[in-house]
Every structure is written in structure tokens, then in C-alpha cells.
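Everything on this sheet refers to the single structure shown next.
In what follows, every heavy atom counts, from backbone to side chain, and hydrogens, waters and symmetry copies are set aside. Heads up: numbering here begins at 1 and tracks the sequence.
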Amino acid sequence: QVQLVESGGGLVQAGGSLRLSCEASGRTFSSSAMGWFRQAPGKEREFVAFINWSGGITYYADSVKGRFTISRNNAKNTVYLKMNSLNPEDSDVYYCAVYVIDNYRTPNSYNYWGQGTQVTVSS
């Protein structure tokens with residue numbers, strides 16, 4: 001089993017920045033691709049960003065491309081999501097997860113979800 005813990009969320013003003021962290025337990029983290037998703041109440045879980053095992057391949061949702069940056073430090077078993085130019089539409093609970101198979105943009109392609117961290121952007 002793998003345990004994931006997200007942190008770094010909080011309340012920021014529009015235009016501000018946050019960096020989320022996803023800390024993983026276990027010994028297989030460095031060989032796993034990871035993703036970030038977000039979800040608002042009553043909404044579907046939405047793909048945000050993907051990073052492969054080495055960090056050399058990344059993908060982003062169009063809504064965040066150019067503003068968000070996903071990265072990882074395998075020595076620390078941690079994946080990051082740097083979020084710049086935040087706006088109220090970015091206010092969601094953010095989750096990290098371990099990629100398994102198939103379409104990296106869909107939640108069903110992941111397992112071992114974290115508990116989520118709340119991001120709230122005020123206007």
C-alpha cells in the first residue's frame with residue numbers, strides 16, 4: 001500500500017501563488033508516474049497535471065497550462081504543484097494520486113489517492 005498526504009493549501013488573494021506538496025510513503029515512489037486533480041463540491045474530479053517517474057515528461061490541463069508547474073523530488077518522495085496567477089476558479093480541493101494505466105487525464109487511471117488539500121482564492 002502507498003500513503004499520500006497533500007499539504008500546502010490555504011486562502012490566497014486572486015493573482016497570488018501557492019505550492020502544494022504530495023508526500024508519499026513506500027519504496028516504489030520513484031518508479032511511479034503521478035498526477036494532480038482537483039474537485040469542487042458537486043463537480044467531477046478534474047485533471048490538473050501529470051508527471052512521469054523521472055520528471056522528464058509533464059502534461060497539463062489547458063485551464064492551468066502556463067500558470068501551474070508540476071515537479072518531483074524522488075529522493076524526498078514528494079511531488080509538487082506550483083500554482084501562480086491564481087483566480088477564484090482555481091478554488092477546489094486538490095488531490096494527488098498514483099498513475100496506473102490508460103488515459104492519464106481520467107481519475108480512473110489512478111489509485112492511492114491522498115486526502116486532499118483545500119485551495120481557496122478570494123476575488
Side-chain angles (χ1 to χ4, degrees):
Q1 295 184 352
V2 177
Q3 298 284 348
L4 305 176
V5 179
E6 301 95 336
S7 62
L11 175 64
V12 298
Q13 294 181 338
S17 299
L18 286 173
R19 189 182 75 161
L20 307 183
S21 298
C22 173
E23 300 179 10
S25 64
R27 298 179 178 89
T28 62
F29 173 81
S30 63
S31 63
S32 300
M34 303 286 294
W36 283 98
F37 288 76
R38 63 188 185 184
Q39 187 171 26
K43 301 292 183 64
E44 296 182 356
R45 190 160 295 189
E46 176 189 15
F47 170 75
V48 176
F50 168 94
I51 188 167
N52 78 326
W53 71 271
S54 68
I57 300 174
T58 58
Y59 301 114
Y60 298 91
D62 289 342
S63 60
V64 306
K65 192 171 185 178
R67 299 188 298 123
F68 291 10
T69 302
I70 188 171
S71 62
R72 67 191 299 162
N73 186 330
N74 288 339
K76 296 183 177 180
N77 291 335
T78 303
V79 174
Y80 305 96
L81 185 69
K82 183 65 169 64
M83 305 183 294
N84 295 324
S85 301
L86 288 164
N87 59 67
E89 293 183 350
D90 297 316
S91 296
D92 291 303
V93 177
Y94 284 72
Y95 301 89
C96 66
V98 178
Y99 174 79
V100 180
I101 196 170
D102 291 336
N103 192 339
Y104 65 86
R105 294 166 292 184
T106 64
N108 288 340
S109 297
Y110 296 77
N111 61 9
Y112 298 115
W113 295 86
Q115 87 289 348
T117 185
Q118 176 70 54
V119 172
T120 303
V121 184
S122 62
S123 60

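Here the side chain of Ser91 pairs a donor or acceptor atom with the backbone of Val121 at under 3.5 angstrom. With hydrogens and angles disregarded, a donor-acceptor distance shorter than 3.5 Å links the side chain of Glu6 to the backbone of Cys96.
Looking at heavy atoms from C-beta onward, Val98 lies in side-chain contact with Leu4 at the 4.5 angstrom threshold. Side-chain contact check for Val119 versus Leu20: some heavy-atom pair is nearer than 4.5 Å. Put simply, the side chain of Arg72 does not reach to within 4.5 Å of the side chain of Tyr80, judged on heavy atoms. Looking at Glu46 and Ser63, their side chains come closer than 4.5 Å, going by heavy atoms from C-beta outward.
Both Tyr60 and Val79 are part of a single hydrophobic cluster, where members link through side-chain heavy atoms under 4.5 Å apart. Cluster annotation: Met34 and Leu81 are assigned to the same hydrophobic cluster (Ile/Leu/Val/Met/Phe/Trp/Tyr, side-chain heavy-atom contacts under 4.5 Å, transitive).
Annotation: the span from Ile51 atom CD1 to Cys22 atom SG amounts to 11.5 Å, rounded to 0.5 Å. To the nearest 0.5 Å, the span separating CZ on Phe47 from CH2 on Trp36 amounts to 12.5 Å. Rounding to the nearest 0.5 Å places CG of Leu86 at 10.5 Å from OG of Ser122.
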Begin with the C-alpha distance, continue with both residues' side-chain angles, and end with the deciding distance and a verdict on ring-ring contact (aromatic ring centres under 6.0 Å, His included) for Tyr59 and Tyr104. CA-CA 9 Å; Tyr59 301 114; Tyr104 65 86; 4.6 Å; yes
Derivation of the side-chain contact (heavy atoms from CB on, under 4.5 Å) call for Arg38 and Tyr95: CA-CA 6 Å; Arg38 63 188 185 184; Tyr95 301 89; over 6 Å; no
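Nearest approach of Thr78 to Lys76, heavy atoms of both residues: OG1-O, 2.8 Å. Of all non-hydrogen atoms in Val48 and Val64, the two that sit nearest each other are O-CG2, 3.5 Å.
In the displayed structure, Gln118 atom CD is contacted under 6.0 Å by more than 12 heavy atoms of other residues, nucleotides or ligands.
Taking the charged nitrogens against the carboxylate oxygens, Arg67 and Asp90 do have a contact shorter than 4.0 Å, which makes a salt bridge.
Contacts classified as side-chain hydrogen bond (donor to acceptor under 3.5 Å, both in side chains) and involving residues 107-116 (residues at least two apart or in different chains) are given here: Thr106-Ser109.
The side-chain contact (heavy atoms from CB on, under 4.5 Å) test with Thr58 is passed by exactly one of Ile70, Asn52, Thr69: Ile70.
Ring centers of Phe37 and Tyr94: at least 6.0 Å apart, outside the cut-off.
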Contacts under 3.5 angstrom, residues 7-19 side chains, donor-acceptor by atom type, not counting sequence neighbours:
residue: Ser17; atom: OG; partner: Asn84; partner atom: OD1; Å: 2.8

